[in-house]
Amino acid sequence: MSAAIINSDKVISTLILKKMFIAGYKMLDTNKETVNALNVFPVPDGDTGINMSLTMQSAIKEISSTPSISMEAFTSGLAKGALSGARGNSGVILSQIIKGFATGIKKEEVDIKQFAKALKNGVEMAYNAVSKPKEGTILTVIRVITEHALEISKKISLTYQDFLQELIDKGEEILAETPNMLDVLKKAGVVDSGGFGLVLIFKGMLKGYLGEEIDGATDIVDAPDKSPKLATSGDKIVEDVVIDYDALDDIEFGYCTEFFIINLHKKTTVADIDKLREKLNSIGDSTLVIGDLSLVKVHVHTNNPGMALSSALKLGEIDHIKIENMLEQNRQLKAKYEAERKPIGLLSICAGDGFSEIFKDLGVDRTVEGGQTMNPSAEDIAGAIAKINAENVIVLPNNKNIILAAEQSRTLITNKQIFVVPTRNLPQGISAALAYSTEINVTENLRNMNDALHNVKAGSVTYAVRTSSVDGINVTKGDIIGLDDHKILTNGKDVDKVTKALIAKMVKEDDETINLFYGDSVTEEQADALCSQLAEIYPDKDIDVHRGGQPLYHYIISIE
């Protein structure tokens, strides 16, 4: 029995590698709209998910039409198909990753070390193709994945399944860090779209290796936590994707120009291709010139497409020319933005994805993450206000420590009227949002929303971080403590008991509703069980439970 068969979980054949790439394409294609939704730029070169998917599709079409089952034929077709089908910046970079990987495979059967080295070849080729590489993009994601691949490939006991899973885990880890590397991602609150697309490909490759089918709905992957959520309202798509409309008129180069150079002249050299790249860099940006003496792919943003084409004609024939007027796209986006401007917008600050969804369901346009231990700055709040397409914006700080920063943010925005309703906690914020109406003006809304603050009592259940005596109550570190909006009312060792004791101290005979918002330390089952107990204790009151998802606080309580 051969070593290749004995170690089948550590070596892959041409057939398995082909299945892996096909599954990688299917996973990306299934989720391309999610990738598209992450794009934060005002005028993208097409959508990232579509561009990457079409690039992969071309590679898959090429390897599927190759009758030979040799590794050499497979890798040659993979590289050729990816290069010829590359679209947009993300697609071109992906094509270089694939081409570098393909040319790095030298044997009929590929072990884990060879796979990692081929990835390294792909990283080098991708970085070399971009004139000014930026970290926080697909380049960073593939580089970090590859560095991890090279490191763990030394483990003797490592199987391909574990190897691929580790690459996916590392990819998701570095993907979550991309907003800290690119300011435009951080302001938008999203991860890099190309990097997310790359992680999807690796997820598909693992399924392909395991022989699992990509079958549509069950393979839809949720966008990462920091990504936008999409919702539909009739035929209109409402997106929490940030477009910086203030920058729409600031495009330096107005035409996105793409083409191939084919049938290169016999006198053309690799040095001539490098000179073309330098020439295009001098007349534009976002320049990509990739390929070899058999085929060259060109992408550039420039104000003089004719000069780009005439320079390329010196090397060979030009084919598949595509020129897009980004200035006109800008004007259309600007007109759409102006047409959709609302008289009033709402911004809410909250901690927990559950609370964020609650506020959005109540008509809040945007939320900013913040609360206890993570107060956003005035600049953070102003940045979010700037992204709301409204003449007037009402801010709900929902924390007494954030009210001043919200007020300060008003001085940083000059093209909108900013109003702060001084909500001291999340229950007040929800009450204020419920009082908002699209049918009345700003003045009336502010009056109603401020009045609503007095109709709700707020409490919270958390834990003590130190031993102390507060408000006449002796608290030991680790104790569960129940607070109203002002002071500690009760403490103990059991979350449910403290919560019930807190409610008992807060609730009055004429109160009608008790709402529990459970945090990330409480399960839905635990919250439902407590809700049932409270319903027995207070049969004359409406008891509701909602997922808040907030950190640190087991429960936030609203009583009205």
Colleague: Report yes or no: does Asp380 contribute a side-chain atom to a donor-acceptor pair with the main-chain N or O of Ser377 at less than 3.5 Å?
Modeller: yes

Colleague: Asp496 and side-chain contact (heavy atoms from CB on, under 4.5 Å): which single residue from Gln533, His554, Gln526 fits?
Modeller: Gln533

Colleague: Do the side chain of Asp494 and the main chain of Lys497 share a donor and acceptor less than 3.5 angstrom apart?
Modeller: yes

Colleague: Would you name the heavy atoms of Asp365 and Gly345 that are closest together and state the gap between them?
Modeller: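 So the minimum-distance heavy-atom pair works out to OD2-CA, 3.2 Å.
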
Colleague: Going by heavy atoms in the side chains, are Tyr555 and Val495 under 4.5 Å from each other?
Modeller: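 A side-chain contact under 4.5 Å exists here.
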
Colleague: Spell out, as yes or no, whether a donor-acceptor pair under 3.5 Å connects the side chain of Thr423 to the backbone of Asn398.
Modeller: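 Side chain of Thr423 to backbone of Asn398: a pair is present.
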
Colleague: Would a distance-only check, ignoring hydrogens and angles, find a side-chain to backbone donor-acceptor pair under 3.5 Å from Ser431 to Pro427?
Modeller: no

Colleague: Hey, does Gln417 have a side-chain heavy atom less than 4.5 Å from the side chain of Val442?
Modeller: no

Colleague: What pair of heavy atoms forms the shortest contact from Phe202 to Ile168, and how long is it?
Modeller: O-CD1, 3.6 Å

Colleague: Flag the pair Tyr463 / Leu552 as yes when at least one side-chain heavy-atom distance between them is below 4.5 Å, and no otherwise.
Modeller: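 Yes, side chains in contact.
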
Colleague: Looking at CE of Met56 and CD1 of Ile201, how far apart are the two atoms once the value is rounded to the nearest 0.5 Å?
Modeller: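 Here the interatomic distance stands at 4.5 Å.
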
Colleague: Quick one: does any side-chain atom of Asn445 pair with a main-chain N or O of Tyr436 as donor and acceptor, under 3.5 Å?
Modeller: no

Colleague: Look only at the side chain of Lys342 and the backbone of Ile388, and say whether a donor-acceptor pair between them is shorter than 3.5 Å.
Modeller: no

Colleague: Without hydrogens or angle criteria, can the side chains of Gln57 and Tyr25 be said to hold a donor-acceptor pair below 3.5 Å?
Modeller: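 Judged by distance alone, the side chains do pair up.
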
Colleague: Taking all non-hydrogen atoms of both residues, which atom of Pro397 and which atom of Pro422 are closest, and how far apart?
Modeller: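 Heavy atoms only, the tightest pair is CG-CA, 4.4 Å.
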
Colleague: Just how far is it from atom OG1 of Thr462 to atom CG of Leu483, taken to the nearest 0.5 Å?
Modeller: 7.5 Å

Colleague: One pair to check against side chain to side chain contact (heavy atoms under 4.5 Å, CB included): Leu206 and Met27. What are the steps and the verdict?
Modeller: CA-CA 10 Å; Leu206 174 56; Met27 179 63 82; over 6 Å; no

Colleague: Looking at every heavy atom in both Asp528 and Val545, which two are closest together, and how far apart are they?
Modeller: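 For Asp528 and Val545, the tightest heavy-atom pair comes out as OD1-CG1, 3.4 Å.
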
Colleague: Side chains of Asn36 and Glu33: donor-acceptor distance under 3.5 Å anywhere?
Modeller: yes

Colleague: Roughly how far, to the nearest 0.5 Å, is CZ of Phe115 from CG of Leu164?
Modeller: 6.0 Å

Colleague: For a 4.5 angstrom cut-off between non-hydrogen side-chain atoms, does Lys19 reach Ile12?
Modeller: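 Side-chain contact under 4.5 Å: no.
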
Colleague: Measuring only between side-chain heavy atoms, which start at C-beta, is Met449 closer than 4.5 Å to Leu396?
Modeller: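 In contact.
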
Colleague: For the residue pair Ile430 and Ser558, establish whether any side-chain heavy-atom pair is separated by less than 4.5 Å.
Modeller: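 No, their side chains stay 4.5 Å or more apart.
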
Colleague: Inspect the surroundings of NZ in Lys508 and state if more than 12 heavy atoms from other residues, nucleotides or ligands are less than 6.0 Å away.
Modeller: no

Colleague: So Lys26 and Ile22, side chain to side chain contact (heavy atoms under 4.5 Å, CB included) or not? Walk me through it.
Modeller: CA-CA 6 Å; Lys26 288 182 177 178; Ile22 291 174; 3.9 Å; yes

Colleague: Main chain of Gly49, side chain of Ser53: is a donor-acceptor contact present, judged purely on distance under 3.5 Å?
Modeller: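 Absent.
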
Colleague: Is Lys170 salt-bridged to Glu166, cutoff N-O under 4.0 Å?
Modeller: no

Colleague: Going from CD1 on Ile142 to CG on Leu94, what distance comes out if it is rounded to the nearest 0.5 angstrom?
Modeller: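 That separation rounds to 9.0 Å.
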
Colleague: Looking at CD1 of Ile403 and CZ of Arg424, how far apart are the two atoms once the value is rounded to the nearest 0.5 Å?
Modeller: 6.5 Å

Colleague: Tell me whether Lys155 is salt-bridged to Asp162, with the criterion being a basic N under 4.0 Å from an acidic carboxylate O.
Modeller: no

Colleague: Using a strict threshold of under 4.0 Å (side-chain N to carboxylate O), is an ion pair present between Asp29 and Lys32?
Modeller: yes

Colleague: To the nearest 0.5 Å, what is the distance between OH on Tyr209 and OG1 on Thr159?
Modeller: 6.0 Å

Colleague: Would you say Asn491's side chain and Asn474's backbone share a donor-acceptor pair under 3.5 angstrom?
Modeller: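 Flag set: sc Asn491 to bb Asn474 pair under 3.5 Å.
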
Colleague: State plainly whether the residues Arg410 and Glu407 are in salt-bridge range, i.e. N to O under 4.0 Å.
Modeller: yes

Colleague: Do the side chain of Thr513 and the main chain of Glu560 share a donor and acceptor less than 3.5 angstrom apart?
Modeller: no

Colleague: Can you check whether Ser356's main-chain N or O pairs, donor with acceptor, with Thr367's side chain at less than 3.5 Å?
Modeller: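 The answer is no, because no donor-acceptor pair under 3.5 Å joins these two groups.
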
Colleague: So, for Ile344 and Asn441, which heavy atoms are closest and what is the spacing to 0.1 Å?
Modeller: CD1-C, 3.9 Å

Colleague: I need the minimum non-hydrogen distance between Lys457 and Asp511, along with the two atoms involved.
Modeller: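 The pair with the smallest heavy-atom distance is NZ-OD2, 2.6 Å.
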
Colleague: Take Ser409 and Ile385, measure what side chain to side chain contact (heavy atoms under 4.5 Å, CB included) needs, and give me the verdict at the end.
Modeller: CA-CA 9 Å; Ser409 70; Ile385 292 171; 3.8 Å; yes

Colleague: Listing request: all salt bridge (Lys or Arg N to Asp or Glu O under 4.0 Å) pairs with a residue in residues 429-444, at least two apart in sequence or in separate chains.
Modeller: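 Residue pairs passing salt bridge (Lys or Arg N to Asp or Glu O under 4.0 Å), neighbours aside: none found.
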
Colleague: Which residues satisfy the side chain to side chain donor-acceptor pair (under 3.5 Å) test with Thr140, sequence neighbours excluded?
Modeller: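 If we apply the side chain to side chain donor-acceptor pair (under 3.5 Å) test to Thr140, skipping adjacent residues, the hits are Glu135.
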
Colleague: Check the pair Phe359, Leu426 against side chain to side chain contact (heavy atoms under 4.5 Å, CB included), reporting the backbone distance first and the verdict last.
Modeller: CA-CA 10 Å; Phe359 277 111; Leu426 287 162; 3.8 Å; yes

Colleague: Report yes if the side chains of Leu139 and Lys134 come closer than 4.5 Å at any heavy-atom pair, otherwise no.
Modeller: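 Counting from C-beta outward, Leu139 and Lys134 never come under 4.5 Å.
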
Colleague: Quick check: do Leu516 and Ile503 have side-chain heavy atoms less than 4.5 Å from each other?
Modeller: yes

Colleague: Filter on side chain to side chain donor-acceptor pair (under 3.5 Å), then keep only pairs touching residues 540-551, sequence neighbours left out; what's left?
Modeller: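 Sorted pair list: Asp353-Arg547, Asn515-His546.
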
